[in-house]
Amino acid sequence: RLGSASAMFATMQLPGILQKLKERFPQAEVTVSSGTSATLVERIMHGDIDVAFVSLPVEAGNIHTELLFSDEICAIAHPSHPLAKQKVISVATLAADQLILGEQGGNTRRQIDDFFQQVGVRPNVVMELSRQEAINKMVENNMGVGIAGSKTVADEVREKRLVSWMIEGAEIKWELGLAKLRGGYFSPIATEFSRLCRESFQERDRELKAKK
């Protein structure tokens with residue numbers, strides 16, 4: 001019983017992982033559900049699901065997590081943006097723009113909000129969306145400036161659909177991990193699933209780095 005807080009992962013990698021799992025365990029029964037990281041962690045603790053892909057860190061002490069993927073956060077904009085040729089953007093300039101961010105409650109959004117608060121600026125947030133893909137598309141359509149993982153927008157930047165900036169003074173990472181109940185029973189199927197996940201993310205990371 002799987003949960004995923006990442007629509008991008010569920011679309012791009014999970015089908016291939018499950019196909020390989022079915023080849024190894026043809027009789028395996030697999031269910032997949034979506035939700036926020038916090039919701040999925042709660043479901044693991046209540047025994048509703050076995051493992052979940054969640055944003056890290058997870059603060060619950062009885063949850064074990066394994067880091068699968070890490071990406072440095074950057075700002076993204078349409079190529080027609082007046083500052084498109086810059087490599088770095090100041091926090092004040094970024095905060096004053098029309099920001100499109102992820103919805104509140106997620107780990108990445110919390111880190112971004114904490115960063116703005118620490119440097120003493122108030123961001124001008126014009127949209128809050130639940131999926132990173134939706135944020136990227138809004139920025140591609142010149143509806144504002146977003147924040148994304150640098151590896152995950154490598155294709156759009158290379159194809160000149162987006163430009164990206166390093167955010168001055170920011171050291172924010174988006175991390176995806178596999179969460180399960182600490183000390184709980186982990187079946188051979190679940191163990192093989194974890195191995196396939198590690199293999200898939202290692203390959204995905206190599207692909208993304210090669211595109212940068």
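This is a predicted model, so every value here is computed, not measured.
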* Start with the C-alpha distance between Glu23 and Lys20, add both sets of side-chain angles, then the distance that settles salt bridge (Lys or Arg N to Asp or Glu O under 4.0 Å), and finish with yes or no. => CA-CA 5 Å; Glu23 290 171 358; Lys20 290 180 180 179; over 6 Å; no
* **Spacing of Arg131 atom CZ and Ser6 atom OG [to the nearest 0.5 Å]** => 7.5 Å
* To do: Give a yes or no on whether a salt bridge exists between Glu133 and Lys137, defined as a side-chain N under 4.0 angstrom from a carboxylate O.
  => no
* Asked: Is there a donor in the side chain of Glu140 and an acceptor in the side chain of Asn136, or the other way round, less than 3.5 Å apart?
  -> no
* Side chain to side chain, Phe9 and Ile17, heavy atoms closer than 4.5 Å -> yes
* What class does the angle between the rings of Phe53 and Phe201 fall in, given that below 30° is parallel, 30 to 60° is tilted and above 60° is perpendicular? -> tilted
* Does atom CE of Met127 have more than 12 heavy-atom neighbours from other groups under 6.0 Å away? -> yes
* To do: Using a 4.5 Å cut-off on heavy atoms from C-beta on, say whether the side chain of Ile76 contacts that of Ile147.
  => no
* **Val139 versus Gly146, closest heavy-atom pair with distance** => CG2-N, 3.5 Å
* Asked: Would you say Ile167 and Ile172 make side-chain contact, with heavy atoms under 4.5 Å?
  -> no
* For atom NZ of Lys22, decide whether the heavy atoms of other residues, nucleotides or ligands shown that lie under 6.0 angstrom number more than 12. => yes
* To do: Check whether more than 12 heavy atoms from other residues, nucleotides or ligands sit under 6.0 Å from atom CD of Glu171, and answer yes or no.
  => no
* **Same apolar cluster (I L V M F W Y, side chains within < 4.5 Å links), Ile73/Val153** => no
* Asked: Measuring from Phe116:CZ to Leu101:CG, what's the distance to the nearest 0.5 Å?
  -> 6.5 Å
* To do: State the CZ-OG distance between Arg110 and Ser55, to the nearest 0.5 angstrom.
  => 10.0 Å
* To the nearest 0.5 angstrom, please state how far the CG atom of Asp50 sits from the CZ atom of Arg1. => 4.0 Å
* Joint hydrophobic cluster, Val121 plus Val126, side-chain heavy atoms closer than 4.5 Å -> no
* **Considering all heavy atoms, the nearest Ala5-Val54 contact** => CB-CA, 4.3 Å
* Pairwise distance NZ(Lys151) to OG(Ser70) - rounded to 0.5 angstrom -> 6.0 Å
* Glu128 vs Arg109 side-chain heavy atoms within contact, under 4.5 Å -> yes
* Ionic contact status for Arg195 with Glu192, cut-off 4.0 Å -> yes
* Identify the two heavy atoms, one from Ala179 and one from Ile63, that lie closest to each other, and give their separation to 0.1 Å. => CB-CG2, 3.8 Å
* Asked: Near Glu159 CD, under 6.0 Å, is it more than 12 heavy atoms from other residues, nucleotides or ligands?
  -> yes
* Asked: Do His78 and Leu162 have side chains that get closer than 4.5 Å, going by heavy atoms?
  -> no
* Find out if a path of hydrophobic residues (ILVMFWY) with successive side-chain heavy-atom gaps under 4.5 Å connects Leu196 to Leu178. => yes
* **Heavy-atom side-chain proximity of Thr36 to Glu103 below 4.5 angstrom** => yes
* Asked: So does Arg158 pair up with Asp155, basic N to acidic O under 4.0 Å?
  -> yes
* To do: Please answer whether the main-chain N or O of Ser80 pairs with a side-chain N or O of Asn142 as donor and acceptor at a distance below 3.5 Å.
  => no
* To do: Give a yes or no on whether Leu2 and Leu176 share a hydrophobic cluster (residues Ile, Leu, Val, Met, Phe, Trp, Tyr; joining criterion: side-chain heavy atoms under 4.5 Å apart).
  => yes
* Asked: Which atoms form the tightest heavy-atom contact between Gly35 and Leu40, and what is the distance?
  -> O-CD1, 3.8 Å
* Reference residue Val145; test side-chain contact (heavy atoms from CB on, under 4.5 Å); the match among Asp97, Asn124, Leu83 -> Asp97
* Is the backbone N or O of Arg182 less than 3.5 Å from a side-chain atom of Asn62, with the two atoms forming a donor-acceptor pair by type? -> no
* Structure fact -> Nearest heavy-atom approach of Ser164 to Cys74 is CB-SG, 3.9 Å
* Close side-chain approach of Ile44 to Ile49, heavy-atom, < 4.5 Å -> yes
* Structure fact -> In this structure, CD1 of Ile89 is separated from CE of Met166 (nearest 0.5 Å) by 12.5 Å
* **Side chains of Glu66 and Cys197 in contact at under 4.5 Å (non-hydrogen atoms)** => no
* When clusters are formed by joining ILVMFWY residues with side-chain heavy atoms under 4.5 Å apart, either directly or through shared neighbours, do Val58 and Phe69 land in the same one? -> no
* Any chance CD of Glu199 has more than 12 other-residue heavy atoms, nucleotides or ligands included, within less than 6.0 Å? -> yes
